[in-house]
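Order of appearance sets the numbers: ligands from 1, and atoms from 1 within every ligand. All values below were derived from every heavy atom in this structure, side-chain atoms included, with hydrogens, water molecules and symmetry-related copies excluded.
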Amino acid sequence: MSKHKAELEAFMSPLREKYGNEKEFLQAVEEVAETVLPFIEKNPKYKKAKILERMAVPERAIIFRIPWIDDKGEYQINTGYRVQMNSAIGPYKGGMRFHPSVNLSVMKFLAFEQTLKNSLTSLPMGGGKGGSDFDPRGKSDNEIMRFCQSLMTELFRHIGANTDVPAGDIGVGAREVGYMYGQYKRLANEFTGVFTGKGINWGGSLIRPEATGFGAVYFTQEILKNVGDTIKGKTVAVSGFGNVAWGVVKKVAELGGKVVAMSGPDGFIYDKNGITGDKIDYLIEMRSSGRDKVKDYADKYGVEFHAGKKPWGLKVDIAMPCATQNEFDVEDAKAVIKNKVHYLIEVANMPTTLEAYKLIKDSEVIFAPGKAVNAGGVATSGLEMTQNSIRLSWSAKEVDEHLHKIMIEIHKSCIKYGYDKKAGRVDYVKGANLAGFVKVADAMIDQGLV
Ligand code: 2IT
């Protein structure tokens with residue numbers, strides 16, 4: 001076993017023993033440990049202070065009961081979570097996810113990733129994540145409201161504008177943020193910027209809904225620029241059709257690229273002319289009507305629909321998984337390598353399995369990790385917090401300019417920590433992990449053993 005592998009094993013094995021059933025959490029930690037441990041070996045102050053060991057344990061994790069009554073009058077019980085991972089550089093910050101797959105492992109992985117991601121944005125935000133195993137699909141508006149109110153009846157005592165600032169994530173959009181915020185305000189008796197992703201009339205920021213997707217494309221532009229390429233004329237495949245995928249489609253089209261494939265739970269569509277113009281508006285319409293079938297798009301525009309399939313078998317220039325964790329597996333990696341897809345840009349949080357990543361890493365494909373690529377979402381949440389603090393609203397142009405600059409800076413940080421002279425290329429995973437780690441680690445050392 002190489003020295004490097006032995007170190008990784010020594011670090012991971014106690015975690016595996018303790019948290020063996022937390023598959024996603026262990027995966028996220030291992031991917032970070034793999035690149036950070038060699039750096040820690042060279043910088044013993046981090047080793048002595050056991051920074052990475054401390055970062056792998058949440059400062060606090062709250063698990064709570066969410067009882068609510070459905071429209072038939074039946075009692076329903078869900079589990080709520082808020083993992084307050086790290087507050088070394090700012091209040092806990094991160095979204096709330098409502099999805100049946102939510103459990104402690106998923107919450108911890110997301111909160112761990114969030115800590116490094118938020119650090120990368122250069123804004124003062126710690127890392128947190130929350131949510132529930134509640135499935136919003138098929139629920140009435142009243143059921144959603146009652147659920148959100150019950151959740152907040154417990155959560156409100158654990159959050160605050162200077163303590164922990166939640167936002168949206170999968171299954172949580174403007175409506176859910178509204179209902180949670182309303183109940184928070186009622187209980188806490190104060191109007192503060194305790195949430196981001198708020199409505200524009202009551203403290204929200206312009207561009208926040210598009211920010212993750214826009215930021216991902218700005219970051220992609222930088223990757224391409226770095227190898228003398230541009231997005232113009234490039235074909236792109238994306239998965240998912242939530243906020244994030246929509247932002248990607250919109251920005252790619254604006255910059256002269258072509259998103260030719262998009263997926264939903266029912267399969268994917270292939271539109272060789274690209275999703276542009278009024279087709280993008282139709283996507284928004286599909287989403288807001290609560291339909292989650294991309295087949296509707298294929299029917300309306302007469303394009304190919306591939307039932308039950310993922311879009312990664314297509315010969316495109318750029319693949320951008322925007323849906324959820326571990327959606328991109330070994331078979332997808334093999335297809336992407338075979339088809340000579342040039343760039344695999346993670347837009348969701350940890351969409352690539354560890355095994356798939358290992359294949360990609362040893363290939364020609366340029367890979368960028370979600371925590372750098374999708375940081376524009378939370379960065380714009382940070383900008384929303386700033387606007388709330390100064391009691392001003394910035395124009396869309398102002399917010400977009402800040403976002404663009406932040407993404408350019410994140411790319412620079414990745415180069416600073418991830419440029420491999422020998423290979424003559426950037427290791428974006430190493431770059432993002434180290435850049436995110438160093439800021440949090442130094443703050444933790446400054447603040448002593450807490
Ligand atoms: O994964 C993420 O970065 C988010 N869901 C956004 C978090 C936020 O606080 O805006």
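Of the residues listed (Asp229, Asp317, Thr220), the one engaging Lys234 in a side-chain hydrogen bond (donor to acceptor under 3.5 Å, both in side chains) is Asp229, and it is the only one. Of the listed residues (Val32, Asp442, Ile40, Leu120), just one forms a side-chain contact (heavy atoms from CB on, under 4.5 Å) with Phe437, and that residue is Ile40.
Distances between N or O atoms of Val165 and those of ligand 1 include no value under 3.5 Å.
Residue Ala375 places no heavy atom under 4.0 Å from ligand 1. Between Arg208 and ligand 1 there is a heavy-atom distance shorter than 4.0 Å.
The nearest protein atom to atom 9 (O) of ligand 1, hydrogens excluded, is given as Lys93 NZ, 2.7 Å; this is a heavy-atom distance. Nearest protein heavy-atom contact of atom 3 (O) of ligand 1 is Lys117 NZ, 2.7 Å.
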Could you give me the CA-CA distance, side-chain angles and deciding distance for Trp202 and Phe191, then say whether ring-ring contact (aromatic ring centres under 6.0 Å, His included) is met? CA-CA 9 Å; Trp202 42 280; Phe191 194 108; 7.5 Å; no
I would like to know whether Phe328 and Trp312 meet ring-ring contact (aromatic ring centres under 6.0 Å, His included); could you show each step before the answer? CA-CA 8 Å; Phe328 188 98; Trp312 314 127; 5.6 Å; yes
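Side-chain atoms of Asn433 and Glu31, non-hydrogen and from C-beta on, do get closer than 4.5 Å to each other.
With a 4.0 Å cut-off on non-hydrogen atoms, Asn349 touches ligand 1 through its side chain and not its backbone. With a 4.0 Å cut-off on non-hydrogen atoms, Lys129 touches ligand 1 through its side chain and not its backbone.
Close contacts of ligand 1 with Gln114, meaning ligand atoms under 4.0 Å from a residue heavy atom, involve 1 (O), 2 (C), 3 (O), 7 (C). Close contacts of ligand 1 with Gly95, meaning ligand atoms under 4.0 Å from a residue heavy atom, involve 7 (C), 9 (O). Near Ala167, meaning under 4.0 Å from any of its heavy atoms, are these atoms of ligand 1: 8 (C), 9 (O), 10 (O). Residue Ser381 has at least one heavy-atom neighbour below 4.0 Å for each of these atoms of ligand 1: 8 (C), 9 (O), 10 (O). Remark: ligand 1 atoms within the under-4.0 Å shell around heavy atoms of Asp169 are 1 (O), 4 (C), 5 (N).
Taking the ring centre of Tyr19 as origin, the terminal cationic atom of Lys108 falls inside the region bounded by 6.0 Å and 45° from the ring axis.
Looking at Glu190 and Lys185, no side-chain N of the basic residue comes within less than 4.0 Å of a carboxylate O on the acidic one, giving no salt bridge.
At a cut-off of 3.5 Å, with distance as the only test, no side-chain donor of Asn349 or Gln114 sits close to an acceptor on the other residue.
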